[in-house]
Amino acid sequence: MGKQKKNKKYATMKKRISLKDQRIKKKDRVKIQPKKEDPSVIKEREVPQVPSCLFFQYNTNLGPPYYILVDTNFINFSIKAKLDLVQSMMDCLYAKCVPCITDCVMAELEKLGQKYRVALRIAKDPSFERLPCTHPGTYADDCLVQRVTQHKCYIVATVDRDLKRRIRKIPGVPIMYISNHRYNIERMPDDYGAPRL
């Protein structure tokens, strides 16, 4: 009969006895001391600071002219639905709208290539306000979420489900989206004249 081969066990550690184990001599054993809490010490809690512009669900920073952060896919879907961006925004909000495009969104549109050249030409329109980005990378979703978290004076225009989900977690930021070949707005206070569907 041949010799049976033993399989080597890789990355196995030798078992060590805990320093609190009963088998270790008393003088070498680590003693467990219960923590005594002082009742006179005031407990500190970290509470996130709420922006002063929010009054319950109403964002007082929002008001005409509305500044609308436009996402890459929002421009593409607007072209597919044959909607004029600025005019449709005004029809939705009944007020002057200023579409804003960040450098990240512009970079994403440039990366998409020849197929989306019409969207790029619309984005380069002088009526759109360009917002410079200081952060590294060109991921537009993170850029928009970060900007909206810092400054709550924007409405976010997007069709992306994941981005919508992320923005819903931020209080006081309305979302503009496309449905039934027109723009609709979500989480906008009733006072500002947004259409209710």
Side-chain angles (χ1 to χ4, degrees), residues 51 53-54 58-168 170-189 191-195 197:
C53 65
L54 288 178
Y58 294 97
N59 185 353
T60 54
N61 273 0
L62 283 174
Y66 295 107
Y67 289 89
I68 300 168
L69 280 175
V70 182
D71 190 24
T72 316
N73 52 26
F74 190 79
I75 299 172
N76 295 334
F77 276 85
S78 296
I79 293 165
K80 278 184 186 172
K82 295 180 181 170
L83 294 167
D84 177 28
L85 240 81
V86 180
Q87 191 57 48
S88 300
M89 283 174 182
M90 288 183 183
D91 292 346
C92 177
L93 293 169
Y94 305 127
K96 189 183 181 214
C97 299
V98 181
C100 304
I101 286 206
T102 61
D103 289 346
C104 295
V105 172
M106 212 62 166
E108 268 191 12
L109 280 169
E110 285 166 2
K111 279 181 191 172
L112 290 172
Q114 279 294 100
K115 194 177 177 185
Y116 297 96
R117 64 183 179 278
V118 179
L120 188 62
R121 194 177 296 155
I122 288 170
K124 285 183 177 172
D125 193 307
S127 65
F128 282 52
E129 191 176 308
R130 281 294 295 272
L131 302 173
C133 294
T134 52
H135 60 84
T138 58
Y139 187 54
D141 289 12
D142 288 345
C143 175
L144 294 175
V145 169
Q146 181 191 352
R147 196 173 287 271
V148 158
T149 310
Q150 286 173 348
H151 315 287
K152 295 209 172 5
C153 59
Y154 295 110
I155 296 169
V156 179
T158 184
V159 192
D160 187 11
R161 280 184 185 170
D162 294 331
L163 182 58
K164 275 191 201 172
R165 199 174 294 129
R166 283 173 72 182
I167 289 168
R168 281 187 192 115
I170 306 165
V173 181
I175 302 166
M176 188 178 276
Y177 61 96
I178 302 170
S179 69
N180 301 330
H181 292 279
R182 57 173 291 186
Y183 292 167
N184 287 327
I185 198 142
E186 171 187 311
R187 292 173 56 190
M188 188 79 163
D191 301 352
Y192 297 139
L197 293 176

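The figures here come from the full heavy-atom set of this structure, side chains too, leaving out hydrogens, waters and symmetry mates. Note that the numbering runs from 1 along the sequence shown for the chain.
- The distance from the NZ atom of K164 to the CZ atom of R187 is 12.0 Å, given to the nearest 0.5 Å.
- Between R166 and the options D141, D142, D160, a side chain to side chain donor-acceptor pair (under 3.5 Å) holds for only D142.
- The shortest distance between side-chain heavy atoms of I155 and L62 falls below 4.5 Å.
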Per-pair distances, 0.1 Å, donor-acceptor, side chain in residues 71-82, under 3.5 Å, sequence neighbours excluded:
residue : atom : partner : partner atom : Å
D71     : OD2  : T158    : OG1          : 3.0
T72     : OG1  : E108    : OE1          : 2.7
N73     : OD1  : V159    : N            : 3.4
S78     : OG   : F74     : O            : 2.7
S78     : OG   : Y183    : OH           : 2.6

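- Of the possible polar contacts, one joining the D103 side chain to the C133 backbone as a donor-acceptor pair under 3.5 Å is found.
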For a side chain to side chain contact (heavy atoms under 4.5 Å, CB included) check, start with the C-alpha distance between Y67 and L131, then their side-chain angles and the critical distance, and finish with the verdict.
CA-CA 11 Å; Y67 289 89; L131 302 173; over 6 Å; no
Side-chain polar contacts of residues 113-122 - donor-acceptor pairs under 3.5 angstrom, sequence neighbours left out - could you list them?
residue : atom : partner : partner atom : Å
R117    : NH1  : Q114    : O            : 2.8

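- Note that the CG atom of L83 and the CG atom of D91 stand 9.5 Å from one another [nearest 0.5 Å].
- Residue M188 holds its CE atom at 12.0 Å from CD1 of I175, rounded to the nearest 0.5 Å.
- Rounded to the nearest 0.5 angstrom, M89 CE and I68 CD1 are separated by 4.5 Å.
- By the 4.5 Å heavy-atom criterion applied to side chains, N61 and H151 are not counted as neighbours.
- When all heavy atoms of G172 and N59 are compared, the closest pair comes out as O-ND2, 2.8 Å.
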